[in-house]
Structure formats: C-alpha cells, structure tokens
Amino acid sequence: MLGSASFAALSLKPQAHGATVSGALPWKAFSADPPEPVPEGQRLFFTEAEAELLSAIADRIVPADELSVSASEAGCVTFIDAQLMGSYGSASRLYMNGPFEKGLATQGYQGSQTPAERYRAGLAAIAAHVEAQTPGKAFAAWSADEQDALLKELEADKVTLPDGVDGQAFFELMLKNVMEGFFADPVYGGNRDMAGWKMVGFPGARYDYRPFVGQHNQPYPFDPMSIMGNADWVRKGG
Amino acid sequence: MRHGGLLRFAGWAVIGLFLAVSAPARADGLVQADVLYNGYYQSVLGDCSGCHTKAGGALLAGGDPIETPFGTIVPPNITPDVETGIGRWSLEDFRGAMHRGIGRGGKRLYPAMPYPYYALMPQRDVDALWTWLQTVPPVSNAVEANLLPFPFNEREAMAGWNEINFRPGPFQRDPDRSDQWNRGAYLVRGPGHCAACHSPKNVTGGDVADRYLQGALLQGWFAPEITGDAWRGLGGWSEEEIVAYLATGTSGRAVASGPMREVIEASTSKMKNDDLRAIATYLKSLAGSDGARPTPVAADNPRMVAGGAVYRDNCAACHGTDGDGARNLIPALAGSAAVQQEMTDTLARVVIEGVQGASSDKAPTAPAMPALGWRLSDAEVADVLTYIRNSWGNAAAEVEARSVEDVRAKLK
C-alpha cells in the first residue's frame, strides 16, 4: 500500500522517483508486512462503560444462538477497539479537511469527525438517551426486546440523540464494524476461533484449492485458517 | 610503427568484444587477445569476483566481509590501483599468492583466499589471469582485509596451517580416467574450489580429505553433498541436469539459491559447456558419504501430522501437494537431495527469511520464496521440515525446534 505521504511526494516533485529494475526482480530477506496480532481481551480505546454499552448493542446485531456465539464473545468489541486506536480510528488515510456538507446516502459519512470521535460521541449520546428513558438502568440491563426496539428506532432515524449525534448514521457505523469484526481474520481481534467463518463455511486465508476443484458437491474437509494458522499446525503429543 | 598500431587496434577491438572492458591495458607491448581471453576465463573458473566484488560494487574492488569460524576477513581490492589495489604487485608476487599463499613482500595470505585449490592451476593460466587483471579498471578502495582476532590475526601462523593442510600443485592426472573426467577433476579440485564450501572442515579450517564434497556448513548455509551418492548427493541427477543447473541456475527440479546462486551467476553460468559436462562427470564419479537411507518418519507421527498441515497451508500452492514443484521455477522437494541433508540450517533459513533463486541469461526470472518466519513458530518450521524430509519417498532425520531456534537467532 502506497502511503499518502509518499504519494504526495511523487505527485508534487517534477522528476519521477520510481526505482528502475533490470536483471533479476528485486528481493529482500525477511520481506513481509505482517499484521500485528491483537491480544484477546485487549482494550485500549473504550472506557469500561463504553465497552459494556457497545457489547450489549453488538450482541443484538449478532446474538448468541444456534448459529454462532455472540458478537462480543467473538471479540468484535476488541476488534473495533483496536481499529479505533489505529489508522482507521484516526482516519489518517482519508481526506479530512472541509468543506463538510451532508452528502448523498451513497456517499456515506461526510462530516468532520474521525471514527474514533464518532464512537466517543455516539456512545455517550446513546447512554444519555438511555439514562433519560430509564434513570439508573443502563442499556445492558434492558431486556432484549427493549434493546431491539431502541436499535430499530435508531436504524429508522426515529430517535433524536443529544448533542446533535446522527443516531441512524452511528447505528450504521456500528453495524458495519460489528460485521467486520465478526468476519475479519482473527489476527485482528474479532472472529475468535474463526466463529464467523465456521458459521458461513468460509475456509479462511487459504490460497490453493486445486486438489478440490474437481470434487463437486463435497464438503471442504479442513477447518478454516487464519493468517496466523490454525490448531492443525500445532503438534498433538509426541 | 603503422603495422604495430593496426595490430594493437585489432587487439583492442577483440578485447572489447570479449571483455567489454574499457580501461587501457597496462601490460607492456602487444597483448595477445587469446591470452587476455584465457585470463578472463580463468577469472570465471576461479570465481574471483564471487569474493572480491561487493554486491552491486565495482569489479574486483574489494568484496563483502566473509565470516569464518576464526573471525572476519574482507576480500581485498585486486584492481590494478596503485595505492589500494595490487598495482605495485609483480607477476612473481601474483604467482606466489596463487600457488603458495604468499603475497607481495612475503606476506602470508589466509586460506579464505583459496590458494590451496588455485595451486593446481598451470603457471600459464595464472600468468594469463595476471595479464587480464591489468585490464580491470583501477578503483581506489582501501580495504582492511584482516579483521581476525588474536591469535588468528598473526599471518605467520599460516605457515603452520600450510604444514597441516596445504599440498602444493600441480594437478596430477589420473591416467586411468578419461580426458573429460580429468578435466572435471581439475576444475573441481583446482580453480573451481568447490570443496571450499562443500567439504567438511577440520579444527584448523582445512578440508577433511575422507569426507570430500560431502557437505558442510558455512556462513549460515549448509552446502549440500555433491558427490555421486544416490541419497544425499548427485546420484539422482543426470549429467544434463547438472550442466543445466550450473549453466542456468535450475536443473528443472532444483533451483539454486544462497551462496550457490552467486557462484552460478558470477562463474558457472559463464563456463563453457564442455567444462560443465566435465564437472558433472567428475562429481557423479565420486563415491560420497554412502549414508544408509533411514526409514522415513511414519506419516502418523504427530510431527508429521502437524508438519503436513503446515505444508498444506503454506507450501503446497507452489511446491505442490505431491512435492513436485514447478519446472524451472519452484524446486521439487520430492526426491530432492538438498532437503535430505545431514544439517537443516539452509532449510530452516529459507523458510524463515525466504530466498531468491539464481538469475542467468538463460533463466532470468529469479523466482523467489516469501519469508514465513513471521507466522511460523520454531516448532512449526521444525515439523514442516520433518514432513518434507520424510514424504514422497524422502527419508531423513527429524528436525528439532531447538535447531530452528538457533538458526533464527543467528539470522536476526
């Protein structure tokens, strides 16, 4: 991935900066750009109260049922927390200067806040709204039906949250991020034990299926695999 | 002087064609093109630039440091530069260096300079090499060659080393063998100095005679056995495959990498085909280690089961589920002597840091393997190596995680 800084340097300077390659292709030992594994349960961005509220919301988006564990059990909150601490949270790869206009629905969020700022403000606004509805009783203590009702209203843009927070847009952000956490590679903190992949039958970060191309209508025999491998790689006994 | 001038001109044209060397020749008088060409070819056979030219650096102006068990040696500048090269050397000095390991002013050379092998070269060829060296562009580059710790920094100690390890030339023909075999024996034992890497060393760093070319570890690479042994040597290779490997970097099933990649690119890919064939004939005639092939580790051994999963998920896409690789590009592991060697340092190393194959005019691609050390633990590397060493008819000792850990520690 070309960083934005180096791209700017390329486009502003008059002469080309591309390397000239002749003879053998360039190659370096240890050449890899591996992801930094997110430890289970890591919490760097959210406060405890924020994490509790987001867990309760995420667990209505992906509840624990006969298909899978819940979103929070699968590490989705850990995933979002890690993302908000990184380049996604700070929007460091996005154009973030004005003008800020409300765009078309197809254009997504066009405001001035980074995703990290939106979570901080959005969760605070929902907590305040809940406190106004049921003083002393947090969202996590509501019944599933009560929780679903509020989330549906947010999704339908029927709730006016304090401090000008766009409840519908924030709900959509959480919905998208929870799904990402549920289906992204486990190395990023979510999709724990490849729960999301097992649910849909995705074989994971594999790159060669030639021995199976001709085997029609037969289940793929191997467990899904993370970028960092799976339990099959670990010696059992011996 | 018109006649001489014309000849001189013709000579230069030929030199230019053969050598693409632009600096003026420094030898006095008329230089015969065939002498120069022979000298250049001797530099190919001896792979001078393999050590004396830095990666991407000026020809013969000093090389990258060589780590030896005794310390670090830096190959010096052997361009004709007066101050920093060998511009002050005489032909006699050069003969002394090549044949006796004694350089200008009686200074003893370390046998990292392979004079024990060059000693087999006829004086005619050494002289031709000297003549060619005069045409190399002089480069000013001062090299501190001797970075050895005491007592190895005492060059006089090499007199004792020579007593133990050095048998002066010239090459002795074996009259019972063919000309081709004798040519191969000369090239391998002499200028090619194959044993410098491929023969196990005694405590003084000399070759162990009765384990000739049976594989050795140096600079973090295990140079495999290259005798005719059917299991670990070249017994399973045809002469054509050996010739192709040395000429292009790939035999079809094997792809050169590591230090051998440099040897092929700088030396063997520029050798005459007849010489490569002679080398193949000689190497295949050597009896070798004759190690008894062990029983393969059982497929249901937990190391093999785990290693098989690692192989399937990391290696099989290129090296094939059946270990057959991809012709000329990806080495076959099935039947590969290289993966069944006594020491597994090379194998662990290429899995951890990746590796790039040789690039030659006839096979320029230089296919590369990605580094996998960032996602494979020492135990996973050990198990996948155990797996490739004991699948598809291969058989070799299990690999311990501890030895992978050692390799990884040295690479960092």
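First the proteins, then the strands, lettered A, B, ... as listed; each starts at 1.
Looking only at heavy-atom pairs under 4.5 Å with chain A, the residue among B:Gly308, B:Ala309, B:Ala316, B:Gly307 that has the most is B:Ala309. Annotation: maximal heavy-atom pairing with chain A below 4.5 Å, among B:Asp313, B:Val310, B:Asp361, occurs at B:Asp313. With chain A as the partner, the residue from B:Arg312, B:Met369, B:Glu380 showing the most heavy-atom pairs under 4.5 Å is B:Arg312. Between chain A and the options B:Met304, B:Arg375, B:Glu265, heavy-atom pairs under 4.5 Å are most frequent for B:Arg375. Interface check for chain A: of the options B:Pro364, B:Gly354, B:Ala306, B:Ser359, the most heavy-atom pairs under 4.5 Å are formed by B:Ala306.
With respect to A:Arg192 and A:Glu73, no salt bridge is recorded, no charged nitrogen being found less than 4.0 Å from a carboxylate O.
Interface remark: B:Arg349 contributes no atoms to any contact with chain A (heavy atom separation under 4.5 Å). Of the two parts of A:Pro34, the backbone and the side chain both hold a non-hydrogen atom closer than 4.5 Å to a non-hydrogen atom of chain B. Looking at B:Ile352, both its backbone and its side chain come within 4.5 Å of chain A, counting heavy atoms on both sides.
Remark: A:Arg120 is positioned above the aromatic ring of A:Phe45, its terminal NZ or CZ atom under 6.0 angstrom from the ring centre and at most 45 degrees off the axis. Because its NZ or CZ atom is both nearer than 6.0 Å to the ring centre of A:Tyr109 and within 45° of the ring axis, A:Arg118 counts as a cation-pi partner of that residue.
Ring centroids of B:Tyr311 and B:Trp392 are separated by less than 6.0 Å, placing the two rings close together.
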(request) Go through the steps for A:Asp59 and A:Ser70 under the test side-chain hydrogen bond (donor to acceptor under 3.5 Å, both in side chains), then give the verdict. (result) CA-CA 5 Å; A:Asp59 287 353; A:Ser70 73; 3.3 Å; yes
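Using the six-membered ring where Trp is involved, A:Phe212 and A:Phe222 have ring planes that are perpendicular, over 60° apart on the 30 and 60° scheme.
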